[in-house]
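Before any comments, here is the structure.
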Amino acid sequence: MQVKDLGEFGLIQRISDKFQSPDQQGFIGIGDDCSVIPKDDLNSYLVTCDTLIENIHFLTPNIEPNDLGYKSLAVNLSDIAAMGGIPEYAFLSMALPVETDTAWIDKFLDGLHDLAVREHVVLAGGDTTKSPGNIAITITVIGIIETGNIKRRTGAEPGDKLFVTGFTGDSGGGLRLLTEGHKNETDQSVTDLIRAHNRPKVYTGEGIWLGTLPAVHAMIDLSDGLASDARHIAESSRVAIRIDLDEVPVSENLQIKAGEYGWDTTELVISAGEDYSLLFAADASESEQIQAAYFEKFGESLNCIGEIREGEGVDFYRKGKKVKKPYHGFDHFKK
Ligand code: ADP
Ligand code: MG
């Protein structure tokens, strides 16, 4: 048997089966967006770690080093936001081929530095090695949160409504433009979609605010795609999720380019990953207040895209009918 037979999640399961979690009140190990380590009576540390590998996560000609530096930190900040936390410290591990241009490194660091300054994150350490092949960037972020505000993937309850911040599918559309070679820089839709992929918005403020709301029962960030990440909430919370595709917002940019190139927007919206939007389940009776307050605070609409039910699995509906075509999110080892 090979790791591709196991799949990414099978492998993580194999790891977590082998290592016992400490019997410590408030500790959360493998299985959520961040690990939780109790700090004191009131607060906990959040820890998350993500890797970007050249030719897997990015192609060097398709991303400016500045954007790559930004994105390497952004994907980690997104996991802190998904738990409702405040990011504080980052550790940067870089494996670089010896030929790497120092100007490229400087620009990479500029992008990372800009986001770290903006989000008040301190670069506290890291590791540097030579790579025999591809560039590999691993960033670990430590955040802090009032323990009572932690939002997990568990906790969604039948009757809850499901919400998503921002748009899904834009990052996937940007990736498609890059891989299909449509880099027309004078076309604003192209620039915006590529930007959504290379420089995703980070929902730190939104995550912190959602963390303070008791009505928000479970939350995750969209790294693997709506289908896959909704399934994580469904499995962790032991519930079924029904997503109404007529309610899932599709950006104007994505509609334009999908029309032009004949893309299936549904597939992009639910299967493509790396949007780093927040997906959460909240008490239905408070949904309208949450949506209104969100708009007031962040100036963007918050869309209700489905609901939590008893049962298991994630089903998609369009015009009241179940969509038959199965859509899957991203798994690193599966084809
Ligand atoms: P995310 O997409 O939110 O970053 P992942 O799918 O990468 O989350 O990871 C899911 C969970 O599995 C997390 O709790 C993470 O800490 C854990 N995990 C992933 N890879 C490993 C590993 N190699 N060893 C231990 N835990 C891991
Ligand atoms: Mg995550």
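Start at 1 and go down the list; that is how both ligands and their atoms are numbered.
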Report summary line: The atoms of ligand 1 lying under 4.0 Å from a heavy atom of Asp32, numbered in the order shown, are 11 (C), 13 (C), 14 (O)
Query raised in the report: Closest to the Mg ion (ligand 2), which N/O/S atom of Asp33 is it?
Result: OD1
**Report entry** Test of proximity, Ser35 against ligand 1: N or O pairs below 3.5 Å
**Finding:** no
Query raised in the report: Which atoms of ligand 1 sit under 4.0 Å from any heavy atom of Asp33?
Result: 3 (O)
Query raised in the report: By number and element, which atoms of ligand 1 are closer than 4.0 Å to a non-hydrogen atom of Asp50?
Result: 4 (O)
Query raised in the report: Counting each atom of ligand 1 from 1 as listed, which ones have a heavy atom of Arg153 under 4.0 Å away?
Result: 3 (O), 8 (O)
**Report entry** Interfacing atoms of ligand 1 (cut-off 4.0 Å, heavy-atom, Ile15)
**Finding:** 22 (C), 23 (N), 24 (N), 25 (C)
Query raised in the report: Backbone N or O of Thr60 within a donor-acceptor pair of the Glu54 side chain at under 3.5 Å?
Result: no
**Report entry** salt_bridge(Asp187, Lys257) N-O dist < 4.0 Å
**Finding:** yes
Report task. May I ask you to check whether over 12 heavy atoms, not counting those of Gln20, lie within 6.0 Å of atom CD? Result -> no
Report task. Say whether, by atom type as modelled, one donor and one acceptor occur between the side chain of Asp32 and the main chain of Arg153 under 3.5 angstrom. Result -> yes
Query raised in the report: Closer than 2.8 Å to the Mg ion (ligand 2), do we get an N, O or S atom from Asp221, backbone or side chain?
Result: yes
Requested in this report: State whether any protein heavy atom lies less than 4.0 Å from atom 14 (O) of ligand 1.
Outcome: yes
Report summary line: Ranked by distance from atom 17 (C) of ligand 1, the top protein heavy atom is Ile30 CG2, 3.7 Å
Query raised in the report: What atom name does the N, O or S atom of Asp79 nearest to the Mg ion (ligand 2) carry?
Result: OD1
Requested in this report: Could you label the plane-to-plane angle of the Phe163 and Phe280 rings as parallel, tilted or perpendicular, counting under 30° as parallel and over 60° as perpendicular?
Outcome: parallel
Report task. Using a strict cut-off of less than 4.0 Å between a Lys/Arg side-chain nitrogen and an Asp/Glu carboxylate oxygen, indicate whether Arg199 and Glu64 qualify as a salt bridge. Result -> no
Report task. Using a strict 4.0 Å cut-off to heavy atoms of Gly31, name the atoms of ligand 1 that fall inside it. Result -> 11 (C), 13 (C), 14 (O)
Report summary line: When distances are taken from atom 4 (O) of ligand 1, the protein heavy atom at minimum range is Asp79 OD2, 3.0 Å
Query raised in the report: Got a second to check how far Tyr70's OH is from Asp114's CG, nearest 0.5 Å?
Result: 10.5 Å
Query raised in the report: If you measure every N/O of Ile12 against every N/O of ligand 1, is any gap under 3.5 Å?
Result: no
Query raised in the report: Relative to the ring of His182, is the ring of Tyr261 parallel (under 30°), tilted (30 to 60°) or perpendicular (over 60°)?
Result: parallel
Query raised in the report: Can you check whether Leu302's main-chain N or O pairs, donor with acceptor, with Gln291's side chain at less than 3.5 Å?
Result: yes
Query raised in the report: Ser223 heavy atoms, cut-off 4.0 Å: which ligand 1 atoms fall inside?
Result: 2 (O)
Query raised in the report: Is the shortest side-chain N to carboxylate O distance from Lys161 to Glu247 below 4.0 Å?
Result: no
